[in-house]
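Report on the following structure.
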Amino acid sequence: MQYTEIQWRKGQPYSERFDDIYYSDGPDVAETGEGEFRHVFLAGNRLPQRWSQGGDFVIAELGFGSGLNCMLTIREWLQHLESSGEEKTLHYIAIEKYPLSPQAITELLRIPSLQAICRELTDAYPPAVEAAHRRSLFGGRVIMHYRFMDVATALDTEGLNVDSWYLDGFAPGKNPDMWSQALFVKMAANSRDGATCSTYSAAGLVRRNLEAAGFRVSKQPGYGRKREMITAELTERHTPELYYRDRPWYALPVLDKAAGADNRVCILGGGIAGLSAAYALVQRGWQVEIIDRQGALCHETSSNPSVIVYPRLSAGNARDNEFYISAYCHALY
């Protein structure tokens, strides 16, 4: 992939590919990207109230763009944790087929209260590689799940268990693939019961496609000069044939965080692979036991003093390639 370039017109950032604005940056707060975020996404999904009622939370944004919505969400989430004293994690799924570079994001984000968040996010920003990239930020209080790929592909491979969706692609007339009924059906299949979504758009096409996918749609007062916008809640699940349905090893287990829940796992082998798996599971709240016949860690092949890290690519095996490319990028990070 290549990072997407920004085109500036009279001080406003535009996508050259879609001939549409990333966000408005007017002198009045009612015309800024931050004001739009608060009205459309924060209030539209009732996020502060819902954060106070549960544990970990999953947000997916269709159209990551400049990262403004993401950083504003992280700021609100960290403030919520500070005021509540809770220990939980925000999982933010950023789906973007044409990602901006970290330098472009830094150039776009000029809100003083976001500078520290912007630095942490861009310091750990993925390379321009079509893959899934995972980054742990702010001591594990925020996990970024970047999907640098077509949105249909990003929603076709796994159950993401999303609580709230930000529909922030470029306008339906500019980028119709982001607003199709088929895509919204995949959204529903990747949602938890009662998942919500919101968008600045009030187009009849968007409303009809959401309703056909099982969402109950409501029109709300729009933001700024826009008269109306759409919010929706999942009431009826339509399940397409996702990739893992006939491959059960792709279905992710659900972690029950209730007190006394039996979230234990045993790993056979205490080498690099076993320790890496254990570390990942502990980060996700599992209790891990490691059994190794040597009675100690890294005593066989994994005891080599030097190793070479490389992606094992293959022709005609897309799933293996996806895994090894993502793993290699993560190792470099």
Under 3.5 Å, side chain of His39 to main-chain N/O of Gly222, donor-acceptor pair present? yes
Is it true that a side-chain atom of Glu76 and a backbone atom of Leu72 form a donor plus acceptor pair closer than 3.5 Å? no
Side-chain heavy atoms nearer than 4.5 Å, only ILVMFWY residues, links allowed to pass through others: does that put Leu100 and Val129 together? no
Under 6.0 Å from the CD atom of Gln49, do we count more than 12 heavy atoms belonging to anything else shown? yes
Of all heavy-atom pairs linking Leu109 and Ser66, the shortest is CD2-O, 3.4 Å
Ignoring hydrogens and geometry beyond distance, is a side-chain donor-acceptor pair present between Arg119 and Thr106 at under 3.5 Å? no
Would you say Ser191 and Trp165 are linked by a side-chain donor-acceptor pair, where the criterion is simply a distance under 3.5 Å? yes
With no hydrogens and no angle check, do the side chains of Arg75 and Ser113 hold a donor and an acceptor under 3.5 Å apart? yes
Report yes or no: do Ile267 and Val282 belong to one cluster of Ile/Leu/Val/Met/Phe/Trp/Tyr joined by side chain heavy-atom distances under 4.5 Å? yes
Give the C-alpha distance, both sets of side-chain angles, the deciding distance and a yes or no for salt bridge (charged side-chain N to carboxylate O under 4.0 Å, His left out) between Glu87 and Arg141. CA-CA 8 Å; Glu87 293 185 7; Arg141 290 173 291 174; over 6 Å; no
Cationic tip of Arg135 above Tyr333 ring, under 6.0 Å, 45° of axis: yes
Arg50, CZ: over 12 other non-hydrogen atoms inside 6.0 angstrom: yes
Any side-chain donor near an acceptor of the partner, Gln294 and Glu300, under 3.5 Å: yes
Taking Cys118's backbone N and O only, do any of them form a donor-acceptor pair with Thr122's side chain (distance below 3.5 Å, no angle check)? yes
Would you check if there is a donor-acceptor pair between the side chains of Ser314 and Asp320 at a distance under 3.5 Å? no
Atom OH of Tyr3 with >12 non-hydrogen neighbours under 6.0 angstrom: yes
Quick one: are the ring centres of His330 and His133 less than 6.0 Å apart? no
Taking all non-hydrogen atoms of both residues into account, name the closest pair between Glu120 and Phe138 and its distance. OE2-N, 2.8 Å
Lys/Arg N to Asp/Glu carboxylate O, Glu130 vs Lys97, below 4.0 Å: no
With a 3.5 Å cut-off and no angle check, do the side chains of Tyr166 and Thr199 form a donor-acceptor pair? no
Pairing donors with acceptors under 3.5 angstrom, does anything connect the side chains of His80 and Glu86? yes
Distance only, no hydrogens: is a donor on one side chain within 3.5 Å (strictly under) of an acceptor on the other, for Glu96 and Tyr146? no
Heavy atoms of Leu160 and Ala154 approach each other most closely as CD1-O, 4.4 Å
Is there a path of hydrophobic side-chain contacts, each under 4.5 Å between heavy atoms, that joins Val265 and Ile291? no
Counting C-beta onward and ignoring hydrogens, is there a side-chain heavy-atom pair between Phe184 and Cys197 closer than 4.5 Å? no
Could you check whether Lys88 pairs with Asp56 (Lys NZ or Arg NE/NH1/NH2 to Asp/Glu carboxylate O, under 4.0 Å)? no
Closest non-hydrogen atom pair, Pro126 against Phe148: CB-CE1, 3.9 Å
Using the rule that two of Ile, Leu, Val, Met, Phe, Trp, Tyr join whenever any of their side-chain heavy atoms come within less than 4.5 Å, decide whether Ile74 and Ile143 are in one cluster. no
Verify the cluster assignment for Tyr200 and Val151: are they in a single hydrophobic cluster under the rule of side-chain heavy atoms below 4.5 Å apart? yes
For Gln53, look at atom CD and say whether over 12 heavy atoms of other residues, nucleotides or ligands are found less than 6.0 Å away. yes
If you measure only the distance, is there a donor-acceptor pair under 3.5 Å linking the side chains of Asn69 and Asp168? yes
Check the side chains of Ser164 and Thr196 for a donor-acceptor pair under 3.5 angstrom, ignoring hydrogens and angles. yes
